[in-house]
Number of protein chains: 2
Amino acid sequence: MASLAERIEALIAARSLKPGDRMPAERSLAAEFQVSRSSLREAIQQLVSRGLLISRHGGGTFVAAPDEAEPVRTALLPLVSLAQSEAGYWRDVMEIRKLLDSDTASFAALRADEADKARLVSAYQAVANAPADDPETQARADAAFHMAIAQAAHNAVLHQIMAGLHGLLEISISDSLRRLYDLPGILDLLNQQHRQILDCILAGNAEAARQAAADHLTFVESRLRLIEDSATRQRRSSRALQHIAEEKEALS
Amino acid sequence: MASLAERIEALIAARSLKPGDRMPAERSLAAEFQVSRSSLREAIQQLVSRGLLISRHGGGTFVAAPDEAEPVRTALLPLVSLAQSEAGYWRDVMEIRKLLDSDTASFAALRADEADKARLVSAYQAVANAPADDPETQARADAAFHMAIAQAAHNAVLHQIMAGLHGLLEISISDSLRRLYDLPGILDLLNQQHRQILDCILAGNAEAARQAAADHLTFVESRLRLIEDSATRQRRSSRALQHIAEEKEALS
DNA sequence: TACGGCAAGTGGTACGACCAATATCGCTTG
DNA sequence: CAAGCGATATTGGTCGTACCACTTGCCGTA
């Protein structure tokens, strides 16, 4: 027999419940499935943690919106431990990004329609106009620009993978990502590279876009290596203390 | 305050529990966290569904092995609906595989150590020796061979992505994947291509490996397109009946 | 010493109760 | 008559208890 969570999913599909629709009450569902509310709640909590349902205390349980990017982010949560345990994990991420960002830019140059191009220009301007003293906004706008390229590539799988890679980078070296924008004179260089990628895509020049993206990623990786190398030493010394803090928090 | 599931994760980290280690009993943990066993179980079930824990009835709850591939497979479950709703989803998957499998083979040729090469040879032989009349075993051995290449590429992220892509393919066109091996004379062709990829990797010839993998994937995609195109028509007509069956199963 | 069975411990499930947040409906009131 | 408001029903969140099924391991017996 299928697991309870799967049976609930099947029920959603069978009833054609759309995002935002209200689920039957827990007591009703429990009766319908002929299980206790406890067991039903365990199953519901699994679906909630997977982002398929949303529970509101006193309000009800609703089908969540399949947020195109959100499922990928939650999907990567199990990898957090792995990403944090291996210090060089971000290098693996960047190695793949060097490959995929090139292909993404190439596809985008070939396939971007007018709506894609409008989004790309908008995203580029957001990066260029981001306040120079706000690394947080810089990082978000930068990621949004690359995600706009991924969207313009018109490949759902590629889009999801790129979203995942950004998430993994965020997890493994979020601090260094912020500090990247503090390097002297780097904003102009990044903007220049972004502009070149943008122009190549808008012009439909796939090969040039590929090369521009490859150069950009190589540049970013080299700078991140500088930052991360110097940060690794300090981090190592503070790890023991962190463990104690975690134990304390777990028992709080 | 952190969620209960997070507090449990923190406890695992703080206690340095390794895969296979036994978790405290539910009743003990509930007392330690000062929550009811019901609430604790809801949190534990979330971690179980995410593959971090394994519960054995009567035996205890154990920390799961970070199976390198398994978390990705469960992580992709939220994408099932998307994979199934879009008929052409598998084309996106194959498009990315054409790119990544080439790079994977290239990396493997450059980085494979003796243990990797032994695994590759073993995996290849498993494919070549799989019974010709057993598509299920064929498909599994084939996937295992490609995963061995991904492992030999020595990039954790790449390995996870490849595992995810195989999972997505399995979800979207598992039937066609099985029927692939029924095409007349295809086994010899596939084995020949696999052999070429293997030889190039063993010889350390990165460029040849890349080309061999690219040719292989292009070939497989063309054959899958033949099968899938002819299958699409029939599937469409039986979809209505399937929904009824799901409703029935959900209430069973 | 080896074997078998019993008891303790564990996860799985169920039922009932209560609390807190929310939604719903009806009543009062302007 | 309509709008605001308060009581009530509904819903998710939590707790406690009890019982079952299974595993483990210990102890007693052969």
Side-chain angles (χ1 to χ4, degrees), chain A residues 1-12 15 17-65 67 70 74 78 249-252, chain B residues 1-12 15 17-67 70 74 249-252:
Chain A
M1 172 168 119
S3 82
L4 196 48
E6 287 169 354
R7 291 174 66 187
I8 297 176
E9 282 187 84
L11 185 77
I12 295 175
R15 296 245 233 269
L17 294 182
K18 303 198 294 183
D21 282 358
R22 190 186 190 137
M23 291 282 294
E26 293 181 353
R27 293 165 176 87
S28 310
L29 266 186
E32 187 169 354
F33 286 133
Q34 297 190 342
V35 296
S36 70
R37 193 157 84 102
S38 322
S39 302
L40 185 89
R41 274 186 59 80
E42 288 183 11
I44 286 184
Q45 287 303 318
Q46 292 179 30
L47 299 182
V48 168
S49 76
R50 274 167 46 188
L52 272 75
L53 297 179
I54 295 179
S55 289
R56 279 191 306 175
H57 189 172
T61 306
F62 301 83
V63 179
D67 183 347
E70 178 56 20
T74 63
E249 182 187 357
L251 298 175
S252 68
Chain B
M1 169 167 124
S3 81
L4 196 48
E6 287 169 355
R7 290 174 67 188
I8 297 176
E9 282 188 84
L11 184 77
I12 295 176
R15 296 247 232 270
L17 295 183
K18 303 196 293 183
D21 283 357
R22 190 186 189 135
M23 292 281 295
E26 294 181 352
R27 293 167 176 83
S28 310
L29 265 187
E32 185 169 353
F33 285 133
Q34 297 191 344
V35 296
S36 70
R37 191 158 87 103
S38 320
S39 302
L40 184 91
R41 274 187 59 80
E42 287 182 12
I44 286 184
Q45 286 303 318
Q46 292 178 30
L47 300 182
V48 169
S49 75
R50 274 166 48 186
L52 273 75
L53 297 178
I54 294 179
S55 288
R56 279 192 307 175
H57 189 172
T61 305
F62 301 83
V63 179
D67 183 340
E70 177 58 19
T74 63
E249 181 188 358
L251 298 175
S252 69

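Proteins come first, then strands; the chains are lettered A, B, ... in the order of their sequence lines, and each starts at number 1.
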S.K.: Taking all atoms of both residues into account, what is the closest heavy-atom pair of A:Leu17 and A:Arg22, and its distance?
M.R.: CD1-O, 4.5 Å
S.K.: Side-chain N or O of B:Gln34 less than 4.0 angstrom from OP1 or OP2 on D:dC15?
M.R.: no
S.K.: Would you say C:dT13 has OP1 or OP2 under 4.0 Å from some side-chain N or O of A:Ser36?
M.R.: no
S.K.: Kindly say if B:Arg41 contacts the phosphate of C:dG12, meaning a side-chain N or O under 4.0 Å from OP1 or OP2.
M.R.: yes
S.K.: Side-chain N or O of B:Gln45 versus OP1/OP2 of C:dG11: is the shortest distance under 4.0 Å?
M.R.: no
S.K.: OP1, OP2 of C:dA14 versus side-chain N and O of A:Ser39: anything below 4.0 Å?
M.R.: yes
S.K.: For B:Ile44 and for A:Arg56, find the nucleotide of DNA chain C with the closest heavy atom, then tell me which residue's nucleotide is more 5'.
M.R.: B:Ile44
S.K.: Just the atom pairs and distances: protein N or O near nucleotides 17-22 of chain D's N or O, under 3.5 Å.
M.R.:
| from | atom 1 | to | atom 2 | distance (Å) |
| --- | --- | --- | --- | --- |
| D:dA21 | N3 | B:His57 | NE2 | 3.0 |

S.K.: Among B:Glu26, B:Glu42, B:Glu32, which one satisfies salt bridge (charged side-chain N to carboxylate O under 4.0 Å, His left out) with B:Arg37?
M.R.: B:Glu26
S.K.: Closest to the A:Glu42 side chain: C:dA23, C:dT13, C:dT10?
M.R.: C:dT13
S.K.: Check A:Leu4 against A:Ser39 and note the closest heavy-atom contact, atom names and distance.
M.R.: CD2-O, 3.6 Å
S.K.: From C:dG11, C:dA23, D:dT24, pick the nucleotide closest to the side chain of B:Ala25?
M.R.: C:dG11
S.K.: Would you be so kind as to tabulate the donor-acceptor pairs closer than 3.5 Å made by side chains of residues 55-62 of chain A, with sequence neighbours excluded?
M.R.:
| from | atom 1 | to | atom 2 | distance (Å) |
| --- | --- | --- | --- | --- |
| A:Ser55 | OG | A:Thr61 | OG1 | 3.4 |

